[in-house]
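Note that these values count all heavy atoms, side chains included, but never hydrogens, waters or copies made by symmetry. In the text below, chain A, chain B and the rest are named by the order of the sequence lines, each starting its count at 1.
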Amino acid sequence: MAPQKLTEYERLRLENIKRNDQILAALKIHSKLSQLSESTKRPRTQTKSYKVSPEKKHRTETPIVLRRSLRTRGVAPDSSTAGGLKDDFDETQSSISRKNPNSDSESPLTKRAYERGPISMRDAYRTDASDRKLIEAILDCSRKSRLSESNNELDDTIKGMEGNELLGSLKVGRKVWGSIDVDALKLEQNNIARVVPGRILNVRFLPTTDARIAVVGNKFGDVGFWNVDADAEDGDGIYLYHPHPAPISGIACNPFSLSKMFTSCYNGFIRLMDTERELFELVYAGDHAVFSLSQSPNDMNSLYFGEGNGQLRVWDARTGKSSSSWGLHQKRINTIDFKPQNTNIMTTSSTDGTACIWDLRKVGVNGSTALKTIRHERAVHSAYFSPSGRFLATTSADDMVGLFSGDTYQNMTMVYHNNQTGRWISSFRGIWGWDDSYVFVGNMRRGVDIISTTGKDVTATLQSEHMSAIPCRFDAHPFEVGTLASATSGGQVYIWRPS
DNA sequence: TAACTTATTAAAAAC
DNA sequence: GTTTTTCCATAAGTTA
């Protein structure tokens, strides 16, 4: 896609935005001064934190789940559902008593998050400082990564080159490979921030080497950005949006087009954040909760998501339509992942107590039969292929982390691990690092457990006095070996780096 | 098989 | 510093 030429209107608009930013910057001097006097009073280092503008604060502090009639959702009455919606996310869950008497009037911002249409980034924005710096940073990275997109035709040639995975990774936007020294991973004060309020369900690094930007989704439907290396004069580099009205279940970034990022929500909507158009577009609006989201690494036009009780759908970016849904599980699908070396091979984990491996060429044809079904005693919270594809790691509520290897993943090792996170902490999901050596998983004692595939046990635990809460969700930076983001139920993000 | 009930737990806010 | 509130998720067990 060639960069679009700006119309006169767009050019004027950008100029106007820039002017407004200058005015804002001038105004900010006052708040900077007051901050300065405050910091002399309190010499202790304040961690970076999101700051919601006062006039927006009251609107979203209390998350409200609204009743949605078919009419307000713009859906024609349907005899099959007219007798009362019994779907996963509607009246049954929405009508839970609301204690706050002030929350009865629908706030404009919450209403917007429900809209069956695009929401401008401006309308969804909650933080007080301008988000121009963030938008510029993302567009800047996007332009740079697009330059390397022209190398994509090399993809096929490189695919056969087993010996040079690093070259392959860089050219096709795949995760970079490398080994790490576990003892070298450290958490520094400036790599800590409270990015959003409340419980984080998802953390993701933008897939770029040009900036370190972490994105998180929380249970209120907020999407928070943290530009980790933002200059001090740009504030903390933390930006908060509210594009969804309910918990965010997935974030999917396109390494070839950083300005496009998908987010999915428990209310059944999937939005595409388009930084170029400054919109959260609505790409899918279903009647069932969307619990998981994933992109096939080699096909950015296909978006896979799990909805309702075990259904899987594929949304096609070219047609803007989704496939019919395939019933792959009995209960909700918690994760969807693809084998990096053969993206026809997909794995799903489910609350029905199983993790399955599928051949996409055979899914949906005459029903769906899994290549392999892994059975845990309880709900399976995640299933991920290792970077080489030779391992599969599952994490289950039965207090086990499963490691599977061999041609058909027939070799099983169960590693005991306390996964009882309870009500307040998001369930643990063991993720892979940058090679097949380690799986990273949260620890109820405020640490990150590292499970070694060779040792078949927890060989180390990352701990730090800076970590004031339990890390439950993680992301390994796709292009920076050893850079690990961990997120908590209090909205914090901790970034571990090799020292 | 669906519908209802209950146990689980940490962190922030309030005192 | 200690106590209270948050809270309204989730999964598993029990009942009808």
Side-chain angles (χ1 to χ4, degrees), chain A residues 44 46-47 49-50 52 57 60-67 83-104 110 192-202 217-222 244-249 265-267 289-292 306 308-310 327 329-335 349-355 375-382 395-400 417-429 442-448 463 465-473 486-494:
Chain A
R44 272 181 59 204
Q46 279 286 102
T47 358
S49 176
Y50 71 93
V52 173
K57 198 174 181 178
T60 48
E61 212 50 49
T62 317
I64 312 156
V65 182
L66 301 173
R67 287 160 175 271
L85 294 161
K86 293 283 177 193
D87 290 329
D88 301 276
F89 193 90
D90 48 52
E91 310 292 310
T92 26
Q93 285 185 38
S94 332
S95 58
I96 292 162
S97 64
R98 283 185 260 150
K99 279 192 180 169
N100 187 348
N102 301 323
S103 65
D104 277 336
T110 308
I192 298 171
R194 194 180 297 271
V195 183
V196 288
R199 205 173 88 214
I200 292 174
L201 283 87
N202 241 291
N218 72 357
K219 68 167 207 161
F220 300 138
D222 299 324
H244 293 285
I248 287 171
S249 50
C265 179
Y266 279 25
N267 80 329
V290 176
F291 288 120
S292 41
N309 280 332
H329 286 277
Q330 299 302 306
K331 291 194 176 165
R332 58 188 269 182
I333 296 171
N334 294 311
T335 60
S349 67
S350 168
T351 296
D352 68 10
T354 67
R375 280 176 213 287
H376 276 270
E377 307 259 315
R378 297 207 184 167
V380 186
H381 289 137
S382 67
T395 308
S396 166
D398 69 1
D399 284 343
M400 290 292 171
H417 189 267
N418 176 21
N419 297 328
Q420 301 308 306
T421 49
R423 181 181 182 175
W424 315 113
I425 312 295
S426 295
S427 59
F428 290 156
R429 294 173 174 177
N443 173 308
M444 290 301 275
R445 283 199 65 255
R446 295 181 181 171
V448 182
Q463 275 176 314
E465 75 264 23
H466 300 315
M467 204 151 67
S468 59
I470 294 165
C472 49
R473 296 288 161 97
S486 48
T488 75
S489 284
Q492 297 104 324
V493 174
Y494 302 103

Mind checking the [atom1]-[atom2] spacing from [X] to [Y]? Nearest 0.5 Å is all I need.
| X | Y | atom1 | atom2 | result |
| --- | --- | --- | --- | --- |
| A:Ser249 | A:Asn202 | OG | CG | 7.5 Å |
| A:His381 | A:Asn334 | NE2 | CG | 6.0 Å |
| A:Asn218 | A:Arg473 | CG | CZ | 12.5 Å |

Sugar-phosphate, base or nothing in reach of A:Thr351, heavy atoms under 4.0 Å | sugar-phosphate

Within 6.0 angstrom of A:Gln420 CD, more than 12 heavy atoms from elsewhere = yes

Heavy atoms of other groups near A:Glu377 CD, more than 12 under 6.0 Å | no

Tell me: [atom1] of [X] to [atom2] of [N], nearest whole Å?
| X | N | atom1 | atom2 | result |
| --- | --- | --- | --- | --- |
| A:Asn309 | C:dT10 | CG | C1' | 13 Å |
| A:Arg429 | C:dT10 | CZ | C1' | 13 Å |
| A:Asn202 | C:dA9 | CG | P | 17 Å |
| A:Asn419 | C:dA9 | CG | C1' | 17 Å |
| A:Phe220 | C:dT6 | CZ | P | 13 Å |
| A:Asp352 | B:dT1 | CG | P | 14 Å |
| A:Asp399 | C:dA11 | CG | P | 14 Å |

With a 4.5 Å heavy-atom cut-off, do A:Met444 and A:Thr421 have their side chains touching?
-> yes

At under 4.0 Å, does any side-chain N or O of A:His381 touch on OP1 or OP2 of C:dA11?
-> yes

How far does the P atom of C:dC7 sit from the matching atom of B:dT6, given to the nearest Å?
-> 22 Å

When every non-hydrogen atom of A:Cys265 is compared with those of A:His244, the smallest separation belongs to CB-ND1, 3.4 Å

Here the pair of heavy atoms bringing A:Pro471 nearest to A:Ser486 is CB-CB, 3.7 Å

Could you go through nucleotides 4-6 of chain B and list every protein N or O atom that sits under 3.5 Å from one of its N or O atoms, giving the distance for each pair?
none

When you check every protein heavy atom under 4.0 Å of nucleotides 8-15 of chain B, what one-letter string (B, S, -) results, 5' to 3'?
-> BBBSS---

Could you list the residues that satisfy side chain to side chain donor-acceptor pair (under 3.5 Å) with A:Asn418, not counting sequence neighbours?
-> none

Pick the nucleotide of DNA chain C nearest each of A:Lys331 and A:Arg199; which residue has the one closer to the 5' end?
-> A:Arg199

